[in-house]
Amino acid sequence: MAEVKKEEEKSLNFLEEIVEQDLQSGKYESIRTRFPPEPNGYLHIGHSKSICLNFGLALKYGGKTNLRFDDTNPTTEETEYVDSIKDDIRWLGFEWANELYASDYFENLYEFAVKLIKKGLAYVDDSNSEEIAKQKGTPTEAGIRNKFAERTVEENLQLFSEMREGKFKDGEKVLRAKIDMTSPNMHMRDPIIYRIKHAHHHRTGDKWCIYPMYDFAHGQSDSIENITHSICTLEFIPHRPLYDWFINELEIFPSRQYEFARLNLNYTVMSKRKLLQLVNEKFVTSWDDPRMPTISGYRRRGYTPESIKNFADKIGVQKRENLIDLSLLEFCIREHLNKIAMRKMVVFDPLKVVITNYTDDHELVKSEDNPEDDNTSHREIPFSAELYIEKEDFMENPPKKFFRLAPGQKVRLKSAYIIQCNEVVKDEAGNITEVRCTYIPESKSGADTSGLKVQGTLQWVSIKHAITAEICLYDRLFRVEDPSNEEGDFKNYINPDSLQVIKSAFCEPSLKNAKFDQRYQFMRKGYFCLDKTSSEEKIVFNRTVTLKDTWAKEQKKV
RNA sequence: UGCCCGAUAGUAUAAUGGUAGUACGACAGAUUUUGGUUCUGUUUGUCGAGGUUCGAAUCCUCGUCGGGCAACCA
């Protein structure tokens, strides 16, 4: 009962409302959606919003979703992108009903164009692109129709056929829909629907030298597939009258287009064109560079599909422009990783600690793999008289509320003993080279009879048992919230410190067996995963996200 | 200057003519063998002016502000 109520309280987004109405009114028995990427780049986090919407809607209401590649422009599209897109969708955990291509419909689309010509609603225009642009007018001035619009149906049929046969060069002729050159909607002013491109297509090869424009391919493809709800982003709103016009004149299945606001994330850019620049101009290493907002970038960085889907759910769906806080995405990944990550101890910037009263060679201490898990497993970690702790966890002259190690101060070494610092050793230049401590034997974790209470707990590694690894620390790629909205080139706002590499960090020995699909929390540091380049010879970790750090925040205030 | 979208805390998102709520963030506190997690509390909002109504975030009018539209791109 309580569950039902909860379900009711969760309100629908505007697309869900439309779907429910259409289902209740009997307009459709079931729905069909599609995700229509153009294979000219990798998918980014913005696409994941669209993917979750399209697949999510179908899943929720018992419909199906097609994956359809919008491949009508052979000069920018490649098979590499097709593969990466399929890979990313699968990784997110969605299954498409059919893998389709707009290019599957080239023959249908050609016939549609012929039908339009026969109805006197399309004509072949010999003007070049400058002339066409000029005749189109401006938003405030009507366009004018040129003499080619007066060609007869027979002439148009003949010329269009010759276009297909390859009798003309690129740009020599186009096919235009005959609609209204005075429309206040620029898209209705006799839009170009076919252009000549003697280019090799990634699927149809050299079969075609004319290719349909987006507006003459997308809606018709939706219609051919009986898509009931064709969901796209806001910039296609002015295309909707055209979308409906073609469907109406062609007398085909009436798919309907609905628009939502695309996702924008602060401190990043979200356009394939810009992302391609970052790759081509080597600001990042590749499309899946962990700093990239691509799905493959987030994957390599250690984000989970669950966290991204949860994020998509939390940001909601609306028609207003938005700029989402990165902190929400980070919240989503921390929330998931906190539950699943194995805890490990790693020291990035070592300071040597000598336990002067520890006489054994070493012992093994037990530590839980995940305190969030009631049935957590445990591992054994070697403890000895010579350890590394983090340099920043020691201060010779600490401020108040510094709960870490300092002369005379006690801290607990996680899962081991409480130690007290007695002596600071320096080199001739005055740099601290090691600190000498004593441990309290009765304070062993799990068997503490010392009665001591300390405020700080540190991670540590035994020097002679430690293994080393390279660690990549990532930060936001841009220094400003909205790089695309700043003056000048967005690349001027790249954060120069978006990547910091620690060549040799000291890790507890169990990380020797780190697995590619396992997520780790390096205690008090953040969440990490193995990079795809990692090998037995050289272990490489990527930082997915830091832990929340209220101490750092506190210090910033000072 | 034409047409089309949109406007609710810092950021998102609910309330569908009837108590402006939720999440993230921020701030404060409790708990803690991670300055993590968890828990509690606090803070801040209906773009403006009119109108309809017993009652308006919601309906109407006029403004204001933001975004989009003039690729042989999608």
Side-chain angles (χ1 to χ4, degrees), chain A residues 9-13 17 36-38 40 70-73 75-77 125 127-129 132-134 136-143 170-176 183-187 189 192-197 210-211 213-215 217-218 232-241 259 261 266 272-273 314-332 334-335 338-339 343 345 367-368 371-372 401-404 411-416 418 443 445-446 448 453-459 521-526 546-555:
Chain A
E9 277 168 8
K10 165 96 175 151
S11 51
L12 304 175
N13 67 46
E17 270 174 20
E38 184 190 10
N40 66 346
D70 231 330
D71 56 350
T72 56
N73 185 0
T75 49
T76 56
E77 295 152 5
D125 192 333
S127 312
N128 62 39
S129 63
I132 288 176
K134 206 168 177 188
K136 211 157 211 178
T138 68
T140 52
E141 291 167 79
D170 287 10
E172 217 174 308
K173 287 184 167 40
V174 291
L175 184 70
R176 289 230 250 172
S183 171
N185 182 342
M186 299 296 290
H187 297 279
R189 321 243 269 221
I192 294 170
I193 59 178
Y194 261 94
R195 78 286 215 190
I196 300 170
K197 267 180 194 266
I210 57 171
Y211 293 93
M213 299 287 288
Y214 166 86
D215 286 310
H218 200 99
C232 63
T233 47
L234 256 28
E235 68 269 27
F236 291 102
I237 289 178
H239 294 248
R240 183 165 11 105
E259 311 87 7
N266 59 8
K272 278 196 264 186
R273 206 192 87 247
K314 278 187 152 58
I315 58 176
V317 186
Q318 252 309 333
K319 294 186 79 155
R320 42 181 172 252
E321 297 285 347
N322 57 75
L323 184 62
I324 308 277
D325 257 29
L326 202 55
S327 64
L328 183 59
L329 215 210
E330 293 186 340
F331 167 81
C332 291
R334 284 192 187 111
E335 184 185 44
N338 179 48
K339 291 199 186 80
R343 311 293 133 123
M345 294 203 285
S367 191
E368 50 196 355
E372 298 297 310
K401 295 213 276 187
F402 183 80
F403 303 148
R404 309 179 187 182
V411 290
R412 172 170 293 282
L413 296 177
K414 173 71 188 172
S415 298
I418 292 173
S443 67
S445 283
D448 187 346
K453 278 231 157 81
V454 293
Q455 297 208 74
T457 300
L458 307 183
Q459 84 278 21
Q521 186 198 94
F522 294 173
M523 298 196 78
R524 307 207 304 134
K525 288 288 182 194
T546 60
L547 255 28
K548 266 174 81 174
D549 191 346
T550 50
W551 171 243
K553 214 181 280 174
E554 184 103 351
Q555 285 180 307

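Because the structure is predicted, anything quoted here is derived from the model rather than measured. Letters A, B, ... are given to chains in the order of the sequence lines, protein chains preceding strands, and every chain is numbered from 1.
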Next on the checklist: Applying a 4.0 Å non-hydrogen cut-off, can you work out what Pro371(A) is touching in the nucleic acid: base, sugar-phosphate, or nothing?
Outcome noted: base
Checklist entry - Looking only at N and O atoms, is any donor in the side chain of Gln521(A) or the base of U34(B) less than 3.5 Å from an acceptor on the other one? => result yes
Next on the checklist: Counting distance alone, no hydrogens or angles: does the base of U34(B) have a donor or acceptor under 3.5 Å from a partner atom on the side chain of Arg343(A)?
Outcome noted: yes
Item to check | Among G36(B), C69(B), C73(B), the nucleotide that comes nearest once only the side chain of Arg195(A) is considered | outcome: C73(B)
Checklist entry - Under 4.0 angstrom, heavy atoms only, what part of the nucleic acid is Phe331(A) near: base, sugar-phosphate, or nothing? => result sugar-phosphate
Checklist entry - Of all the nucleotides listed (U34(B), C69(B), C3(B)), which has the minimum atom distance to the side chain of Pro238(A)? => result C69(B)
Next on the checklist: In the structure I gave you, are the side-chain heavy atoms of Lys314(A) and Leu328(A) within less than 4.5 Å of one another anywhere?
Outcome noted: yes
Next on the checklist: Just to be sure I understand the rule, does Asn128(A) reach a base, reach only the sugar-phosphate, or reach nothing, if contact means heavy atoms closer than 4.0 Å?
Outcome noted: base
Item to check | Minimum-distance nucleotide (side-chain atoms of Lys319(A) versus C4(B), G36(B), G6(B)) | outcome: G6(B)
Next on the checklist: Base, sugar-phosphate or nothing for Phe522(A)? Non-hydrogen atoms, less than 4.0 Å.
Outcome noted: nothing
Checklist entry - Among C69(B), A12(B), G35(B), which nucleotide sits nearest the side chain of His187(A)? => result C69(B)
Next on the checklist: Regarding Asp549(A) and Lys525(A), does a basic nitrogen lie under 4.0 Å from an acidic carboxylate oxygen?
Outcome noted: no
Checklist entry - Contact class for Asn73(A) vs. all strands (heavy atom < 4.0 Å): base, sugar-phosphate, or nothing? => result sugar-phosphate
Checklist entry - Contact class for Lys314(A) vs. all strands (heavy atom < 4.0 Å): base, sugar-phosphate, or nothing? => result sugar-phosphate
Checklist entry - With a 4.0 Å cut-off, would you call Arg176(A) and Asp125(A) a salt bridge? => result yes
Item to check | Side chain of Trp551(A) (C-beta onward), nearest among G35(B), C73(B), C5(B) | outcome: G35(B)
Checklist entry - Looking at Thr550(A), does any N or O in its side chain come under 4.0 Å of the phosphate oxygens OP1/OP2 on G36(B)? => result yes
Checklist entry - For the base of U33(B), is there a side-chain donor-acceptor partner from Arg412(A) under 3.5 Å away? => result yes
Next on the checklist: Classify Ser415(A) by what it touches in the nucleic acid, base, sugar-phosphate, or nothing, heavy-atom distance under 4.0 Å.
Outcome noted: base
Checklist entry - Reckon Thr72(A) has a side-chain N or O less than 4.0 Å from the OP1 or OP2 of C73(B)? => result no
Checklist entry - Ser327(A) near the nucleic acid: base, sugar-phosphate alone, or nothing, with a heavy-atom cut-off under 4.0 Å? => result sugar-phosphate
Checklist outcome for this item: Note: for Lys401(A) and Thr140(A) on RNA chain B, the residue whose nearest nucleotide lies more 5' is Thr140(A)
Checklist entry - Side chain of Asp70(A): nearest nucleotide among C72(B), U13(B), A74(B)? => result A74(B)
Next on the checklist: Check this one for me: any side-chain N or O of Lys272(A) less than 4.0 Å away from OP1 or OP2 of C73(B)?
Outcome noted: no
Next on the checklist: Within the 4.0 Å heavy-atom criterion, would you say Ile418(A) contacts the bases, only the backbone, or no part of the nucleic acid?
Outcome noted: nothing
Checklist entry - Less than 5.5 Å between centroids and less than 30° between ring planes, does Tyr214(A) satisfy that with A74(B)? => result no
Checklist outcome for this item: Ranking C72(B), G35(B), A15(B) by distance to the side chain of Ser129(A), first place goes to C72(B)
Item to check | Sugar-phosphate only, base, or nothing, as touched by Gly446(A) at under 4.0 Å among non-hydrogen atoms | outcome: base
Checklist entry - Under 3.5 Å, is there a donor-acceptor pair between the side chain of Arg334(A) and the main chain of Asn338(A)? => result no
Item to check | salt_bridge(Glu330(A), Lys548(A)) N-O dist < 4.0 Å | outcome: no
Checklist entry - Which whole number of Å gives the distance between the P atom of G67(B) and that of U8(B)? => result 14 Å
Checklist entry - Contact class for Tyr194(A) (heavy atom, under 4.0 Å): base, sugar-phosphate, or nothing? => result nothing
Next on the checklist: For the NE2 atom of His218(A) and the CE atom of Met213(A), what is their distance to the nearest 0.5 Å?
Outcome noted: 14.5 Å
Checklist entry - Which part of the nucleic acid does Ile324(A) contact within heavy-atom distance under 4.0 Å: base, sugar-phosphate only, or nothing? => result sugar-phosphate
Item to check | Out of U33(B), A70(B), U34(B), whichever nucleotide has its closest atom nearest the side chain of Ser445(A) | outcome: U33(B)
Checklist entry - With a non-hydrogen cut-off below 4.0 angstrom, is Ser127(A) in contact with a base, only sugar-phosphate, or nothing? => result base
Checklist entry - Any N or O donor-acceptor pair linking the side chain of Glu372(A) to the base of G36(B) at under 3.5 Å? => result yes
Checklist entry - Is any side-chain N of the basic residue among Glu368(A) and Arg343(A) closer than 4.0 Å to the acidic one's carboxylate O? => result no
Next on the checklist: By nearest atom, which of the nucleotides G10(B), C73(B), G35(B) is closest to the Asp325(A) side chain?
Outcome noted: G10(B)
Checklist entry - Closest to the Ile315(A) side chain: A15(B), A12(B), C72(B)? => result A12(B)
Item to check | N/O donor-acceptor pair, side chain Arg404(A) with base G35(B), under 3.5 angstrom | outcome: yes
Checklist entry - Is a donor-acceptor contact shorter than 3.5 angstrom present between the side chain of Arg320(A) and the base of U8(B)? => result yes
